[in-house]
Amino acid sequence: MTYTKYSASGNDFVIFHTFIEKDYTNEAIKLCNRTEGIGADGLVVIVPSNEADFKWLFYNSDGSDAAMCGNATRAVSHYAFTNNLVTSNEMQFLTGAGLIKSCVENDIVETQLTLPKVIKEEFVQDGFAWYLVDTGVPHLVTIVDDLELYNHDLCAKMRYEHNANVNFAKIEDGIIKVRTYERGVEGETLACGTGMAACFLRANNLGLVKDSTFVYPKSGEELTLSKKNGTIYFKGAVKKVFVTSI
Ligand SMILES: N[C@@H](CCC[C@H](N)C(=O)O)C(=O)O
């Protein structure tokens, strides 16, 4: 089997395509292992679909499956286009959260995320004001003055209590800086697309950022988040890191 490793703003993935749709939990755990495997935050398996250009099966590094992964939507679109799985640079594919539309221009990929749903309006817990929104997967967002307030133990506690990813966001001159604790990785990742989208949505709803803004995750790579008619557009560079057969 040939595997490709991608980095989408530091969120890394192993990707392969196959005709066989089955449970790939064990493969996800093995391939994502950073000591004995390829090492990644997640595994994406591309399989055929009758309703879209293809369908994906997404797994976190601990083998849990997730309905959506914003960064992986960009990596997978690039993979599908450069491996000739699709005939155009514009495509649509099925995920657990619904249909994703994307467009690939060299290493820049823009995807349209699924419509966000607010799960819980602002509430205070452990000294922070939180907001819980589903941008494909559930995300807690708190807006802070200092990203050093990000705290692993608090994130882990919030993650299990609310079964959500946890984001700390700082707004600085109209741009957003984000740190995210991810479910299924059980720690901070270098970037989380649906997390950045959740922070963008919260900041935009509070009038702190415009309808299109730059967002910087922990990796420092620049992403553009925009909102048009309620749909969130997510744009940025992806990197094919290597291809291997193991
Ligand atoms: N890194 C992803 C989100 C992946 C799923 C998440 N860890 C979950 O289980 O909810 C992104 O870029 O959105």
Side-chain angles (χ1 to χ4, degrees), residues 5-15 24-25 28-29 31-32 34 39-45 56-79 93 95-98 100 102 109-117 119-120 132-141 152 155-156 158-169 176-202 215-225 231-239 241:
K5 165 137 172 175
Y6 265 86
S7 169
S9 313
N11 212 185
D12 53 356
F13 308 101
V14 175
I15 304 176
Y24 287 98
T25 302
I29 296 169
L31 292 167
C32 293
R34 294 200 184 271
D41 295 323
L43 167 70
V44 187
V45 184
W56 91 7
L57 311 173
F58 180 89
Y59 298 88
N60 287 309
S61 58
D62 69 355
S64 58
D65 55 8
M68 172 50 58
C69 174
N71 284 321
T73 60
R74 295 186 297 111
V76 155
S77 301
H78 190 274
Y79 177 99
F93 56 96
T95 70
I100 293 291
S102 66
V109 185
E110 182 171 61
T111 57
Q112 291 180 35
L113 300 179
T114 52
L115 282 180
K117 295 174 223 81
I119 303 171
K120 197 169 176 184
L132 182 55
V133 63
D134 188 318
T135 47
V137 284
H139 280 275
L140 282 159
V141 175
H152 174 88
C155 287
M158 295 296 291
R159 173 261 185 267
Y160 284 106
E161 248 172 68
H162 298 273
N163 190 23
N165 303 281
V166 186
N167 302 270
F168 280 63
I176 311 174
K177 292 185 177 172
V178 179
R179 292 182 69 175
T180 306
Y181 175 106
E182 278 197 55
R183 279 192 320 188
V185 177
E186 304 313 335
E188 186 175 14
T189 54
L190 290 175
C192 177
T194 47
M196 288 186 267
C199 295
F200 165 66
L201 199 68
R202 179 62 173 154
V215 182
Y216 298 87
K218 172 89 173 164
S219 67
E221 292 187 34
E222 183 177 278
L223 282 306
T224 304
L225 269 294
T231 298
I232 298 181
Y233 292 75
F234 179 44
K235 184 175 180 178
V238 300
K239 209 178 292 164
V241 185

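Counting starts at 1 for both ligands and their atoms, in listed order.
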**Request:** Could you tell me whether Arg159 sits above the aromatic face of Tyr181, with NZ or CZ closer than 6.0 angstrom to the six-membered ring centre and within 45 degrees of the axis?
**Result:** no
**Asked** Who passes side chain to side chain donor-acceptor pair (under 3.5 Å) against Thr111, sequence neighbours left out?
**Response** Thr73
**Message:** My understanding is that only residues two or more places apart in sequence, or in another chain, count here; which of them pass side chain to side chain donor-acceptor pair (under 3.5 Å) with Ser77?
**Reply:** Ser102
**Message:** Glu222: which residues meet the side chain to side chain contact (heavy atoms under 4.5 Å, CB included) condition with it, sequence neighbours left out?
**Reply:** Phe214, Tyr216
Please give the N or O to N or O pairs under 3.5 Å between ligand 1 and the protein, distances rounded to 0.1 Å.
from: ligand 1; atom 1: 1 (N); to: Asn11; atom 2: OD1; distance (Å): 2.8
from: ligand 1; atom 1: 1 (N); to: Glu182; atom 2: OE1; distance (Å): 2.9
from: ligand 1; atom 1: 1 (N); to: Glu182; atom 2: OE2; distance (Å): 3.0
from: ligand 1; atom 1: 7 (N); to: Asn60; atom 2: OD1; distance (Å): 3.1
from: ligand 1; atom 1: 7 (N); to: Asn165; atom 2: OD1; distance (Å): 3.4
from: ligand 1; atom 1: 7 (N); to: Glu182; atom 2: OE1; distance (Å): 2.9
from: ligand 1; atom 1: 7 (N); to: Arg183; atom 2: O; distance (Å): 2.8
from: ligand 1; atom 1: 9 (O); to: Asn60; atom 2: ND2; distance (Å): 2.9
from: ligand 1; atom 1: 9 (O); to: Arg183; atom 2: NE; distance (Å): 3.4
from: ligand 1; atom 1: 10 (O); to: Asn165; atom 2: ND2; distance (Å): 2.8
from: ligand 1; atom 1: 10 (O); to: Arg183; atom 2: NE; distance (Å): 3.0
from: ligand 1; atom 1: 10 (O); to: Arg183; atom 2: NH2; distance (Å): 2.9
from: ligand 1; atom 1: 12 (O); to: Asn11; atom 2: OD1; distance (Å): 3.2
from: ligand 1; atom 1: 12 (O); to: Gly70; atom 2: N; distance (Å): 3.4
from: ligand 1; atom 1: 12 (O); to: Asn71; atom 2: N; distance (Å): 3.0
from: ligand 1; atom 1: 12 (O); to: Asn71; atom 2: ND2; distance (Å): 3.3
from: ligand 1; atom 1: 12 (O); to: Gly193; atom 2: N; distance (Å): 2.6
from: ligand 1; atom 1: 13 (O); to: Gly70; atom 2: N; distance (Å): 2.7
from: ligand 1; atom 1: 13 (O); to: Gly193; atom 2: N; distance (Å): 3.4
from: ligand 1; atom 1: 13 (O); to: Thr194; atom 2: N; distance (Å): 2.8
from: ligand 1; atom 1: 13 (O); to: Thr194; atom 2: OG1; distance (Å): 2.5

**Enclosure of Lys177 NZ (heavy-atom neighbours >12, cutoff 6.0 Å)** = no
**Message:** Between Arg34 and Asp12 (salt bridge meaning N to carboxylate O under 4.0 Å), is one present in this structure?
**Reply:** yes
